[in-house]
Structures are given as C-alpha cells and as structure tokens.
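Notes follow once the structure below has been shown.
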Amino acid sequence: MNIAEFFQLALAIIWHGDHDLIEVVGLSLFVSLSAVGLAALIGVPLGGLLATARFPGRAVVIVLINALMGLPPVVVGLMIYLLLSRAGPLGVFGLLYTPTAMIIAQMVLILPIITALTRQTVEHLSRAYDEQLHLFGLKPFERTRTLIFDGRFELLTAVLAGLGRAMAEVGAVIIVGGNIDHFTRVMTTAITLETSRGNLVLALALGVILITLTVIINAVVVVLRWWGERRYGLD
Amino acid sequence: MALTEITPVDVELTDARVLRGDMEVLSGVSLRLQPGEILALIGPNGAGKSTLLSAIAGLVPLAAGNCTLTEADGQDAAITRIGYVLQKPVMLRRSVGANIDFAMAAARIPVSARKPLKAELLAMVELAKYEHTSAYHLSQGERQRLAVARVLAMRPGVLMLDEATNSLDQKSVDLLEHHVRELAAGGMPVIWVTHSLDQAARVADRVIRLEKGTITHNEKADDFFASSASEK
C-alpha cells in the first residue's frame with residue numbers, strides 16, 4: 001500500500017465513525033479540556049498575581065515558572081505515578097490508571113505554560129493601565145481582576161497554548177493512564193500503540209482527527225480573539 | 001445625587017519636590033486650592049504641569065514637601081475623590097456605559113444612585129447614544145469626553161484636567177468649559193492644565209505659571225492677563 005491508499009482507508013474509518021474511534025476521541029477531549037479548564041482556573045489568577053504583586057523572590061518564581069514550561073512529560077508522568085501509586089502519599093485514592101490521573105498529569109504540564117503566558121500578558125497590560133487603575137483606587141486583588149478581564153482575548157492564546165500541549169501529550173498520560181482499552185486510551189497513546197502493532201491505518205485515522213481537532217480549536221480561538229480585538233481592542 | 005451637589009476636598013501642596021532620577025522636575029512648589037476655584041496651570045512643555053497633578057494624585061512620590069487632601073470633616077480624602085482626567089486616559093475594554101459603571105463601583109457610589117447618575121453623565125458629555133458601544137470605537141475627542149464623565153461618575157471633591165480639550169472640537173470645548181464652570185459654581189475646586197491662554201482667560205479664576213519645575217507666576221486671572229497685556 002502506498003501513502004495515498006493509507007489515507008483513503010484512514011478517511012474511510014473516520015467516515016464510518018467506528019465506535020472505538022469515537023470513544024478514544026471523546027476521552028481525549030474530555031481529559032485535555034478538563035486539564036486545561038483546571039489549569040486555567042489556577043494559572044490565570046496565579047499569572048495575574050505574579051504580574052501585579054511585588055514580593056521578595058518574585059524574579060526567582062518567574063524564572064522557575066518559565067523554566068517549568070519546558071517540563072519533560074515523562075518526568076511529570078513519573079512524578080505523578082510515584083504520588084498516585086499504592087506506596088505513594090496519594091495512593092489511598094486509587095487514582096492511578098484512571099482518566100483522573102491523566103487529567104492531573106496534563107494539568108501539571110500545562111499549568112506553568114498558562115501561568116507564565118498570563119503573567120506576560122497581564123504585565124504588559126498593566127504598564128498601560130497602571131496610572132488609571134491607581135486613580136480608580138482599586139485594591140491589589142481588584143486591579144489584578146480588572147487586568148485579567150481586560151486581557152481576556154489575549155489570554156485565550158495562553159489557554160490555547162496549554163490545550164495544544166495537552167492534546168499532543170503522550171509521555172505522561174501513558175505512564176499514569178496505562179493506555180487501557182475502553183478506559184484510559186486516548187488518541188496519542190492509541191496512535192503509539194497502533195503504530196507499534198503495525199496498524200498504520202487506524203493510527204493515521206487518529207492522527208488525522210487529532211490534527212483536525214487542533215486546527216478547529218485554533219481557528220475558533222483565533223476568530224474569537226480577532227472578534228474581541230476588533231470590538232474591544234487595545235489603545 | 002445631582003452632579004452639582006459637591007463636597008469639595010481641600011488640596012494643599014507645601015514645598016513639593018519631585019525627582020525623576022537625578023533630575024528635579026518640581027522644586028519647592030506650594031499651592032492651595034479654594035473651593036469653587038478654577039486654577040489654570042500653564043507653562044511650556046516639560047515645565048512639570050502633569051507631574052504636579054500626578055504628585056497631588058499620589059502617582060509620583062514627593063522627594064520633599066507635603067501634600068494633603070482633606071475632606072470637610074477633617075479626614076484624609078480617598079484617592080477616588082480626586083477626579084484626575086489624564087492626558088491620555090486609558091479606556092477600559094468594555095462599553096461606554098460599562099466604563100462609567102466601573103468608575104461608580106470603584107468609588108462605591110450607592111447602587112440606587114448609579115442609573116440616574118450614569119444617564120446624567122452620558123447626556124452631559126453627549127455620549128448617550130453610544131452607551132452600549134465599545135469605548136474602543138470612540139474617536140479621540142469622544143474618549144476624552146468619556147474620560148471626563150468617568151471621573152465625574154466617582155463624585156470627586158476636586159477636578160484635575162490635564163490638557164483635557166486637546167482632541168475636542170470647539171463645540172465640545174465650549175460644552176466642557178460650561179460644565180466645569182457649573183461644577184466650580186457648586187464648590188468644586190478645579191486645576192486645569194492647558195496650553196491655551198485663551199482657554200485660561202475664559203475659565204480661570206487664578207493662573208499659575210510653571211517653568212522648569214518652579215512657580216513663576218501665581219496670580220488672580222484678571223491680574224495675570226492684565227500684566228501680560230501690559231508686557232506686550
């Protein structure tokens with residue numbers, strides 16, 4: 001079979017909507033979106049605070065968070081594995097090899113990305129807003145909240161960067177999820193498995209879906225940001 | 001809560017000195033604003049006019065001297081009682097109405113008073129039809145008017161305008177001058193930074209001229225313009 005034939009068969013699998021395929025795609029989306037949602041809930045306020053608060057050691061924290069953006073997924077997977085394994089401090093919750101463990105691993109991976117990008121965005125906005133917000137007499141927390149709200153369209157990009165990393169991630173989720181069929185198998189782990197098995201058609205079908213979803217999510221965010229900038233743009 | 005019901009804040013600056021790096025941008029500046037007085041602050045670029053307003057608003061620290069902002073009951077005035085229209089005001093990325101809502105909430109204006117106050121302000125600066133329009137879509141002149149409305153939404157006790165009519169057409173200038181005179185008549189002390197001597201002559205009760213960070217003239221407007229005319 002040549003590459004064109006592989007693609008034809010892969011598209012046929014997608015077209016017929018194989019149940020297993022849908023299940024894998026559904027779980028992938030659930031895990032990645034949950035991880036991004038949780039990371040955004042923590043990372044956006046944290047990044048905002050880092051941008052506006054002044055405290056001893058702030059520069060060290062910023063350097064550390066920037067460095068954590070490049071965390072190796074397998075190392076994160078291993079750390080989460082150790083925490084969640086029976087002998088680990090969180091072993092009592094029995095989360096290892098569950099989608100929850102995969103969400104935790106992805107969240108740990110993308111939290112520094114969302115935090116660091118939020119910090120940059122809010123700090124940039126803060127330079128323009130500083131005097132005006134002072135004159136509104138806002139408390140530090142209110143100031144941060146205002147900057148995050150006014151930077152909401154730029155922050156979409158930060159969240160998108162996190163989502164991109166989560167969707168493409170394989171090392172950590174395979175360690176803590178185990179790639180169990182019908183339970184913790186997601187697109188990236190399934191692609192790895194099917195490729196090693198020689199089932200290239202199914203791997204390719206999953207790859208096409210993964211790339212298509214990534215493009216669609218990116219397009220939606222780009223349109224949202226474009227709309228926001230046009231409507232509420234910056235001076 | 002009509003706009004002309006004003007509780008003025010007493011502003012006193014004593015021997016103020018402001019440094020930017022090693023450079024002295026204000027040196028030994030003292031002034032006291034009387035309730036209902038419109039003070040025109042004039043001078044060349046870099047004379048320290050905006051710095052003086054920033055010092056009063058606490059945006060720049062004083063290297064020496066003192067600035068007191070006191071309410072009628074003797075308490076220190078909150079920052080929200082200083083109505084400072086910046087030379088380049090930042091529009092919040094929301095609608096015109098929401099910009100005013102934000103200012104009223106920041107100044108803890110009672111919720112029941114907000115709707116009529118907003119309507120009054122929007123009518124005053126002739127932006128009522130843009131209430132739901134994003135502030136970003138306003139022209140420079142309209143933004144300047146919104147900035148004035150937003151400051152007044154906080155029910156300030158002193159009004160400071162930093163070249164607030166730069167982007168306005170003559171009709172809007174006349175309108176703003178008219179409203180500021182009304183506010184002053186209600187007791188609001190006003191500092192108006194302007195490059196226009198004509199404007200100073202039209203609105204001011206007193207003129208302060210700054211040069212290189214020091215006050216060179218501090219006179220009643222009539223005296224200032226009479227002496228200026230005789231110098232010519």
Side-chain angles (χ1 to χ4, degrees), chain A residues 40 44-45 47-49 51-55 117-160 221-235, chain B residues 50-51 53-61 69 76-96 98-109 132-140 143-144 146-147 150-156 158-160 162 167:
Chain A
V44 170
L49 276 175
T52 53
R54 295 291 175 267
F55 54 89
L117 295 179
T118 300
R119 201 251 332 144
Q120 280 176 17
T121 301
V122 172
E123 201 164 282
H124 176 74
L125 203 57
S126 161
R127 281 184 215 123
Y129 276 50
D130 199 34
E131 287 191 338
Q132 194 66 66
L133 295 186
H134 173 89
L135 294 170
F136 282 129
L138 301 181
K139 296 187 176 83
F141 164 71
E142 295 170 321
R143 209 181 270 220
T144 307
R145 195 179 56 188
T146 304
L147 289 166
I148 288 173
F149 182 81
D150 273 33
R152 59 199 179 279
F153 296 109
E154 286 97 328
L155 292 180
L156 277 176
T157 308
V159 174
L160 180 69
V221 170
V222 165
V223 169
L224 259 177
R225 187 176 165 155
W226 172 82
W227 174 83
E229 295 265 315
R230 271 182 67 86
R231 180 156 169 72
Y232 295 105
L234 261 184
D235 284 317
Chain B
S50 298
T51 305
L53 298 193
S54 293
I56 292 172
L59 293 175
V60 294
L69 301 152
D76 287 344
I79 180 72
T80 52
R81 293 277 288 143
I82 304 166
Y84 183 5
V85 180
L86 294 166
Q87 202 171 350
K88 288 181 185 163
V90 173
M91 296 293 107
L92 299 178
R93 297 164 94 185
R94 46 198 97 191
S95 71
V96 168
N99 263 271
I100 294 178
D101 288 334
F102 186 92
M104 290 190 292
R108 313 282 190 265
I109 300 294
H132 303 292
T133 303
S134 164
Y136 176 70
H137 290 304
L138 299 180
S139 69
Q140 280 302 319
R143 286 180 186 205
Q144 204 84 46
L146 174 57
R150 202 170 57 182
V151 152
L152 294 176
M154 298 169 81
R155 305 308 312 266
V158 55
L159 183 61
M160 304 199 296
D162 194 353
S167 309

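If you're wondering where the values come from, they're calculated on a predicted model, not measured in any experiment. So you know, we letter chains A, B, ... as the sequences are listed, proteins then strands, and number each from 1.
Judged purely by atom type and a 3.5 angstrom limit, B/Ser134 uses its side chain to pair as donor or acceptor with the backbone of A/Arg231.
Using a 4.5 Å cut-off between heavy atoms, B/Ala78 makes no contact with chain A at all. With a 4.5 Å cut-off on non-hydrogen atoms, B/Ser95 touches chain A through its backbone but not through its side chain. Both the backbone and the side chain of A/Leu135 have a heavy atom closer than 4.5 Å to some heavy atom of chain B. Within the 4.5 angstrom heavy-atom criterion, atoms from both the backbone and the side chain of B/Leu92 approach chain A.
When every heavy atom of A/Gly137 is checked against every heavy atom of B/Ile79, the shortest pair comes out as CA-CG2, 3.2 Å.
The shortest distance between side-chain heavy atoms of A/Glu229 and B/Arg93 falls below 4.5 Å. A 4.5 Å side-chain heavy-atom check between A/Phe136 and B/Arg150 finds at least one atom pair inside the cut-off.
Every residue two or more places apart in sequence or in another chain that forms a side-chain contact (heavy atoms from CB on, under 4.5 Å) with B/Asp101 is listed here: B/Met104, B/Lys118.
Atom NE2 of A/His134 sits about 7.0 Å away from atom CD1 of B/Ile82, to the nearest 0.5 Å.
Here salt bridge (charged side-chain N to carboxylate O under 4.0 Å, His left out) pairs that include residues 131-143 of chain A, with residues two or more places apart or in two chains, are A/Asp130-A/Arg143, A/Glu142-B/Arg108.
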